[in-house]
Trainee: 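For reference, the structure I am asking about is given below.
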Amino acid sequence: MKNLIVLKFGGSSITKKEENKFEMNNVILKQAASELANALKQNPKLKIALVCGVGPFGHTNVVKYNLNNGINNSVQEKGVKITNKDCDFVGKETAKALEKEGLKVKFIPGYEICVQENKKVKHFELALYKKALANGEMPLSTGVMVPDEKMKWSVMSGDTVIAQLAKQLRPEKVLMGTDVDGIYTADPKNDDGAELILEINNKNLKEVLKKAGESKAMDVTGGMKGKLEKLAEQLNGVPAEIFNLFIAGNLKKALLCEEIKSTKIDL
Ligand code: ADP
């Protein structure tokens, strides 16, 4: 789709994921919302489909209620409800921050459009996305638990939504904001010698996947490695860029195609 950018606000940036607190990171959320609004003012042709990671609002609940391997009892059923209410909270708080900047947002909960089978997407319906974009609204979804034909409910990560949108909407690019500058040769939070990988393509993908680790924070969806694996399956030529959402100016520049420190992915 022309002029469309699929954008992710990572859970590690808009929530207190590393501290494992059920709290939004309102400083980063406000900064990101304001940069997004400014970029859209400078380029009114841009369309954005936004996906939010949910950090502890998802991961901690999934571990607490044991929701990652099928739902078999009423305690787990209750856990699914609590988890989805918490994930919706992240979506609604993000929508509020964007609306304060004058943007029109359409919150689309993942459990209304996606059905999985054994944790893998079976249907992902984009009619609501297309309608919102045609109406000049910004569709917004989060990672969340969705119906699963084999397990009753299973986790659908924000990264899965990104991969589906990339595959089905064929945006001009995918931008993923997180709490580090991109993908490194090792987890930069654990290894001082980690070096930023400036570009990932079919030549170095395998080698990078071997090195990319999981998230330092609690993450049931695979952290940086899971992200890259999902992108590798679905990008099919759509360019992607992973960058640091904590650094002021990065998001606006990335949206307006200016150079920033990042990892560019071309698969
Ligand atoms: P988000 O919640 O923003 O989607 P994740 O927590 O899933 O992000 O992934 C980002 C985290 O991945 C970083 O905070 C970092 O500690 C960890 N990580 C592990 N291995 C790597 C790597 N090779 N390069 C960059 N980050 C990595």
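All values reported here derive from a predicted model rather than from experimental measurement. Start at 1 and go down the list; that is how both ligands and their atoms are numbered.
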Trainee: Atoms of ligand 1 less than 4.0 Å from Gly11 heavy atoms?
Mentor: 1 (P), 2 (O), 3 (O)
Trainee: Answer yes or no for Ala186: is there a heavy-atom contact with ligand 1 below 4.0 Å?
Mentor: yes
Trainee: Run the numbers for me: atoms of ligand 1, each under 4.0 Å from some heavy atom of Gly182, listed by number.
Mentor: 24 (N), 25 (C)
Trainee: Any idea which part of Met176 is under 4.0 Å from ligand 1, heavy-atom wise: side chain, backbone, both or neither?
Mentor: neither
Trainee: Before giving the answer on salt bridge (Lys or Arg N to Asp or Glu O under 4.0 Å), spell out for Lys189 and Asp179 the whole-Å C-alpha distance, their side-chain angles and the decisive distance to 0.1 Å.
Mentor: CA-CA 10 Å; Lys189 289 189 185 153; Asp179 67 340; 2.3 Å; yes
Trainee: In Å, rounded to the nearest 0.5 Å, how long is the span from OH of Tyr65 to OG1 of Thr83?
Mentor: 7.0 Å
Trainee: About how many Å separate CD1 of Ile242 and NZ of Lys264, when rounded to the nearest 0.5 Å?
Mentor: 13.0 Å
Trainee: Should one rank Glu18, Lys189, Glu195, Met224 by closest heavy-atom distance to atom 27 (C) of ligand 1, which comes out on top?
Mentor: Met224
Trainee: According to the interplanar angle, ranging from 0 to 90°, do the rings of Phe57 and Phe22 count as parallel (below 30°), tilted (30 to 60°) or perpendicular (above 60°)?
Mentor: perpendicular
Trainee: Roughly how far, to the nearest 0.5 Å, is the CG atom of Asn43 from the CG atom of Asn3?
Mentor: 6.5 Å
Trainee: Which heavy-atom pair separates Asn236 from Glu233 by the least distance, and what is that distance?
Mentor: ND2-O, 4.2 Å
Trainee: Could you tell me whether some N/O pair between Thr185 and ligand 1 is separated by less than 3.5 angstrom?
Mentor: no
Trainee: Nearest 0.5 Å, please: how far is CG in Leu267 from CG in Leu235?
Mentor: 6.0 Å
Trainee: Is the contact between Lys17 and ligand 1 made by the side chain, the backbone, both, or neither, using heavy atoms and a 4.0 Å cut-off?
Mentor: side chain
Trainee: Looking only at N/O atoms, are Ser13 and ligand 1 under 3.5 Å apart anywhere?
Mentor: no
Trainee: Do any N or O atoms from the side chain of Ser141 and from the backbone of Pro109 form a donor-acceptor pair under 3.5 angstrom?
Mentor: no
Trainee: Which of the atoms in ligand 1, numbered in the order shown and given with their element, are less than 4.0 Å from a heavy-atom of Thr178?
Mentor: 1 (P), 3 (O), 8 (O), 10 (C)
Trainee: Can you tell which of Asn190, Asp187, Asp191 gets a heavy atom nearest to atom 15 (C) of ligand 1?
Mentor: Asp187
Trainee: Heavy-atom pairs closer than 4.0 Å: do any link ligand 1 to the side chain of Asp179, the backbone, both, or neither?
Mentor: side chain
Trainee: Does Lys8 come within less than 4.0 Å of ligand 1, judged by its heavy atoms?
Mentor: yes
